[in-house]
Amino acid sequence: MPYALVTGGGAGIGRGIAQALARRGVNVALCGRRPQPLQHVAAEIEALGVAALVAPADLSDPAQRVALLAGVRAAWGPLDILVNNAGLLAGGALHAQPASQVAQAIAINLLAPIELTRLAWADLQTQRGRLIFIGSSMSFVPQPFAALYAAGKMGLRGFAEALRYEAEPAGVQILMAYPPGVRTAMTAGMAAASGVPGFHLDAPEAAGERIVQALYKGQREVTWGVGEQALRRLFALAPGLVRRGLHTQRHRWQRMMSARPPQDA
């Protein structure tokens, strides 16, 4: 039976993806920094009739990334699906963020997906496997007081798109997913601080199902969300107009991005 490794699998989109894969008969190894949420999701996965493996790890630590891949291989053999979902929303003014937070955000949002993909590459080639990368609207449109997050997401998009030239001849499928705002611990503070009544956030379970549907359809990209797609199109056509609009809203963005301490998905 095939299996997937889902980073950030204890909550949010990662949990939704894990559930959607389990409904399709895929065993799921769940990675995150906190064991308790992983154990909760593992119980949900097992209730769907497949096996779950709890694999706690801090993906900002290179040694733990190596140990993570070695551990899941030892348990279940070559990896079939790698879901690079874990993310750290480190927002606010750059000068106010300590160097340790800068390093951690870039490590989790960009270096960890690159390194996990490199470490899993031989397996993915052998299994003709699948890769999922989770982007955001900031993969295309950088937004105020989100410099670290935008850097990671834009870098991840560039990495995945360039990697296709190696992946496709090797039979490895890559899906880039660009979900809209999703209800997670990371976004709860942003919604409260937005000042927008009825600030809409998608359900993470629905987001996970949509992403996995796209994976099994063989899509290269999945994106949705009316506001996010409109912003992306407008930025491509009139970047100066979008930049001016975001500049006028920079104080609201500062409140939103500074609404809570950095938290991983």
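Note that the coordinates shown come from a computational prediction; the quantities given were computed from them, not determined experimentally.
- Residues M154 and F133 do not share a hydrophobic cluster, defined by chaining ILVMFWY side chains whose heavy atoms lie under 4.5 Å apart.
- Looking at heavy atoms from C-beta onward, V222 lies out of side-chain contact with K217 at the 4.5 angstrom threshold.
- Among all heavy-atom pairs drawn from L48 and A22, the shortest one is CD1-CB, 3.8 Å.
- Applying the side chain to side chain donor-acceptor pair (under 3.5 Å) test to Q19 and every residue at least two apart in sequence or in another chain returns E44.
- Scanning for salt bridge (Lys or Arg N to Asp or Glu O under 4.0 Å) contacts around R157 gives an empty result, with sequence neighbours left out.
- Between L148 and V102 the shortest side-chain heavy-atom distance falls below 4.5 Å.
- When the salt bridge (Lys or Arg N to Asp or Glu O under 4.0 Å) test is applied to E115, the partners found at least two apart in sequence or on another chain are R118.
- Applying the ring-ring contact (aromatic ring centres under 6.0 Å, His included) rule to Y216 yields no partners; only residues at least two apart in sequence or on another chain are considered.
- Remark: the Q127 side chain and the D80 side chain contain an N/O donor-acceptor pair separated by less than 3.5 Å.
- For the pair L68/L116, a side-chain contact is recorded, criterion being any heavy-atom separation below 4.5 Å from C-beta on.
- Using a 4.5 Å heavy-atom cutoff, the side chains of K153 and F140 are not in contact.
- Between Q143 and Q249, every side-chain heavy-atom pair lies at or beyond the 4.5 Å cut-off.
- Here ring-ring contact (aromatic ring centres under 6.0 Å, His included) pairs that include residues 13-59, with residues two or more places apart or in two chains, number zero.
- Applying the side-chain contact (heavy atoms from CB on, under 4.5 Å) rule to Q125 yields the partners W121, A170, V172; only residues at least two apart in sequence or on another chain are considered.
- With no hydrogens or angles considered, a side-chain donor-acceptor pair links H247 and R250 at under 3.5 Å.
- Residues meeting the salt bridge (Lys or Arg N to Asp or Glu O under 4.0 Å) test with D123, sequence neighbours left out: R73.
- Using a 4.5 Å heavy-atom threshold, the side chains of L246 and V141 count as touching.
- Residues that satisfy the ring-ring contact (aromatic ring centres under 6.0 Å, His included) test with W76, not counting sequence neighbours, are Y3.
- Listed by first then second residue, pairs satisfying side-chain hydrogen bond (donor to acceptor under 3.5 Å, both in side chains) with a partner in residues 159-178 read R130-Q173, E161-R164, E168-R220, not counting sequence neighbours.
- Taking CD1 of I81 as the reference point, atom CZ of R24 lies at 10.0 Å (rounded to 0.5 Å).
- Between P179 and I134, some side-chain heavy-atom pair lies under the 4.5 Å cut-off.
- What you find for L59 and A86 is that their closest heavy atoms are CD1-CB, 4.0 Å.
- Using a 4.5 Å heavy-atom cutoff, the side chains of V6 and I132 are not in contact.
- L21 and M1 fall within a single hydrophobic cluster, where Ile, Leu, Val, Met, Phe, Trp and Tyr are joined by side-chain heavy atoms under 4.5 Å apart, directly or via other members.
- With hydrophobic clusters built from ILVMFWY side chains whose heavy atoms lie under 4.5 angstrom apart, L163 shares a cluster with I114.
- With sequence neighbours left out, the side-chain contact (heavy atoms from CB on, under 4.5 Å) criterion links P98 to S100, Q101.
- For E205, the salt bridge (Lys or Arg N to Asp or Glu O under 4.0 Å) partners at least two apart in sequence or on another chain are R15.
- Applying the side-chain contact (heavy atoms from CB on, under 4.5 Å) test to A238 and every residue at least two apart in sequence or in another chain returns L234, L241.
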